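Notes to accompany the following structure.
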There are 2 protein chains.
Amino acid sequence: MASTIEDVAQVAQVSTATVSRVLNQPHLVSIQTRRRVLDAMQLLDYKVNLAGRHLRTNRTRTAALLLPGLGSSVISRLVEGVEDAALAAKYALIMFSTRHDADREAAYIDLITRHRLVDGVLCVSPCSSLENMHCLENDGIPLVMCNGKLDGVASVLVNYSDLTYQATEYLLAWGHQRILLLNWTVPSGEVPVTLHTITHMRQGGFRQALAATQAVPQTLVVDDNTEWQAHLAHMLRSTDRPTAIIACCDKLALAVYAVCRGVGLRIPHDLSVIGCDDILVAQYVDPPLTTIRVPAYKQGRLAMESLLQAMMGDAPEEPAVHLLKGELVLRDSCAPPQQL
Amino acid sequence: MASTIEDVAQVAQVSTATVSRVLNQPHLVSIQTRRRVLDAMQLLDYKVNLAGRHLRTNRTRTAALLLPGLGSSVISRLVEGVEDAALAAKYALIMFSTRHDADREAAYIDLITRHRLVDGVLCVSPCSSLENMHCLENDGIPLVMCNGKLDGVASVLVNYSDLTYQATEYLLAWGHQRILLLNWTVPSGEVPVTLHTITHMRQGGFRQALAATQAVPQTLVVDDNTEWQAHLAHMLRSTDRPTAIIACCDKLALAVYAVCRGVGLRIPHDLSVIGCDDILVAQYVDPPLTTIRVPAYKQGRLAMESLLQAMMGDAPEEPAVHLLKGELVLRDSCAPPQQL
DNA sequence: CTGTTAGCGCCTTCAG
DNA sequence: CTGAAGGCGCTAACAG
């Protein structure tokens, strides 16, 4: 059916070793021979059989990409970075999206380790337990993380701590005293703190900025369901309501917009709002949303490059940890607090 | 290093053939032997080497997923459907996102065909030329398309024609006479019409709905750049401006919101707007956006199931073409046209 | 620069 | 129900 190097060798009147060399170390083959081999390949419409190569080399040139989910613009840009780096090195990507489900993530990791179908794993915002990650470690499969940190594992982090600090400072500078942080819930169970860096970094930066002031940090935890919206509406109706909100993503920030309309508060006059991610529509809404922009593409690219290094075998002794900067994008959703 | 079936066979005191059977046709092995083999596997922490299996079976149990891009909620739900179907059948997915770039898509297809690294290809909203697709066909690699149609190729389509028809009817029923369709541009070059089904279906449904009326169909083509926004602003300032707009996605619809604010028109009083995709924020904006919701998860699931069938070898004679229904989600962005 | 050779790990007939 | 044996396509020594 499909032609093999043997067929090519026969047509080109050379040995299979030479054909293989043309494929992998062309500089070791004389121009004339190379030409003959390439012609034969074209003639036979030859295609390398990767299974054979993988079996022989014991490497698949494939990496697994473990994502928390798709459909977020940040993730998608991150993936583009990963993809570009992988393709430049001729690596393929097998994708798994866990949809923020720890069980699913565990199942995927099990699948990966049980089948040895990849040379390395790139894990973005891991949500499952520590054991799973160590499972990979122990198997000697190179691992790099984005937005998560584990001892001895290379990772590329965005400094959400500093960004949230900046956002909070920005609001403080405008005189806000009652600022609310709208943050994700941390999955329950004995999940290691180190994994959930974003949520904790955010919290940390927020607290740190407020520590030097009289302002009291308020936090509202957001679950999957929509109860938090009713809760927020209730808070916003009270007399000592927050005058500013920092949301952990733009979608949430825009949900706050809707809650405000329901309650009769106007942004930014009655309430300042800061989002995160800088999604496209953030600039279209009324008022345009002040938000945090994150170097997602760069993050993905760096992470993949780091993983490639590890897969190539020349991993640095001390696993690298990158900490990337983001920026606050000022638009019109913040203003001084109203005098009550 | 890693243990093989040979190691397992030795420990379990059986032949490698038996170990292989335990892996693939356990019912052919006696309970006792099976037990012994499984114990040995556990003891040795045995993992199948897929490369060996692939080489032997000449199948990789892997499918390629060719996406136009990530970061759209529709795509992400579609991918979830694909993923669920694939995993249920124990197939892995290799992902490629073309970012609406025909060259990139062609490169990916070349990669796929040149390496034979997948058993089948699932192509979503293809953007490159016909040849590439036939390239796959000719290679005998099973192919299924989403939102694109090619002769002899199975596909799963959403009936955007009908949906746009419905949306137009809805606006007509409210008395609109000057309706504008905001549609994507069709890539230039000798790109086959059959590929760009969504764009054309939309156009078709729109024209069809207006054909029975005196209303004149207007279309504005949206490019990657933002010039169209200035153009739209200009149109909206004219005396015979459109009184309603159908946008080909919610992001665009929300961009229209912003243009309206710039021009001083109010939605829905001065202008009715209908979007497409029902992104999360569509319900948060002011006014909540009337939009088209599409069964993306189901589409992905069906497409993958269809591809699995083909990869299993029992493809139907006549490649299946599914046509899925969507629905119009009524919110508050439409109203009767203002009396001028 | 090129050829010979020996497997990589697995599945699958064919016998028993 | 189980075992023996061959080979899938490729690469990497080792010779020449």
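These figures come from a predicted structure and were not determined experimentally. Here is the naming used below: chain letters follow the sequence lines, and residue numbers restart at 1 for every chain.
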For B/Thr4, answer base if it contacts any base atom (sugar-phosphate contacts may also be present), sugar-phosphate if it contacts only those atoms, and nothing otherwise; contact means non-hydrogen atoms under 4.0 Å. sugar-phosphate
Do A/Asp84 and B/Arg99 sit within salt-bridge range, that is, some charged N less than 4.0 Å from a carboxylate O? yes
Can you check the B/Arg35 CZ to D/dC1 C1' distance for me, whole Å? 18 Å
For a side-chain contact (heavy atoms from CB on, under 4.5 Å) check, start with the C-alpha distance between A/Met41 and A/Val37, then their side-chain angles and the critical distance, and finish with the verdict. CA-CA 6 Å; A/Met41 284 180 174; A/Val37 172; 3.9 Å; yes
Whole angstroms only, please: what is the CG-C1' distance between A/Asn58 and D/dC10? 13 Å
Report the distance from atom CG of A/Leu55 to atom P of C/dA6, rounded to the nearest whole Å. 18 Å
Can you check the A/Arg61 CZ to D/dC10 P distance for me, whole Å? 16 Å
Run the side-chain contact (heavy atoms from CB on, under 4.5 Å) test on A/Lys149 and A/Val321 for me, step by step, so that the C-alpha distance in whole Å, both residues' side-chain angles and the decisive distance to 0.1 Å come before the verdict. CA-CA 9 Å; A/Lys149 185 70 199 78; A/Val321 176; 3.5 Å; yes
Taking the side chain as everything from C-beta on, heavy atoms only, tell me whether B/Val144 gets closer than 4.5 Å to B/His322. no
Nearest whole angstrom, please: distance from the C1' of D/dG9 to the NE2 of A/His54. 12 Å
Check: B/Ser97/A/Glu83 side-chain N/O donor and acceptor closer than 3.5 Å: yes
Are any protein N/O atoms closer than 3.5 Å to N/O atoms in nucleotides 1-4 of chain C? If there are, list each pair with its distance.
from: C/dT2; atom 1: OP1; to: A/Ser30; atom 2: OG; distance (Å): 2.9
from: C/dT2; atom 1: OP1; to: A/Thr33; atom 2: OG1; distance (Å): 2.2
from: C/dT2; atom 1: OP2; to: A/Ser30; atom 2: N; distance (Å): 2.9
from: C/dT2; atom 1: OP2; to: A/Thr33; atom 2: OG1; distance (Å): 3.4
from: C/dG3; atom 1: OP2; to: A/Ser15; atom 2: N; distance (Å): 3.0
from: C/dG3; atom 1: OP2; to: A/Ser15; atom 2: OG; distance (Å): 3.3
from: C/dG3; atom 1: OP2; to: A/Thr18; atom 2: OG1; distance (Å): 2.7
from: C/dG3; atom 1: N7; to: A/Arg21; atom 2: NH2; distance (Å): 3.3
from: C/dG3; atom 1: O6; to: A/Arg21; atom 2: NH2; distance (Å): 2.4

Pair up each side-chain donor or acceptor in residues 62-78 of chain B with any protein partner under 3.5 Å, not counting sequence neighbours, and list the distances.
from: B/Thr62; atom 1: OG1; to: B/Thr60; atom 2: O; distance (Å): 3.0
from: B/Ser72; atom 1: OG; to: B/Val74; atom 2: N; distance (Å): 3.2
from: B/Ser72; atom 1: OG; to: B/Ile75; atom 2: N; distance (Å): 3.1
from: B/Ser76; atom 1: OG; to: B/Ser73; atom 2: O; distance (Å): 3.0

Is there a donor-acceptor pair closer than 3.5 Å between any side-chain N or O of B/Arg116 and the backbone N or O of A/Lys47? no
In whole angstrom, what separates B/Gln10's CD from D/dG3's P? 13 Å
Run through B/Val11, B/Thr4, B/Asp39 and flag the one making a side chain to side chain contact (heavy atoms under 4.5 Å, CB included) with B/Leu44. B/Val11
Spacing between B/Leu117 atom CG and D/dG9 atom P, to the nearest angstrom: 17 Å
Whole-Å distance, B/Arg53 CZ to C/dC8 P, equals 18 Å
Of residues 38-48 of chain B, the positions that come close to DNA chain C - non-hydrogen atoms, cut-off under 4.0 Å: B/Tyr46, B/Lys47, B/Val48
Begin from the C-alpha positions of B/Arg59 and B/His54 and carry the test side-chain contact (heavy atoms from CB on, under 4.5 Å) through to its verdict. CA-CA 5 Å; B/Arg59 296 171 62 239; B/His54 294 164; over 6 Å; no
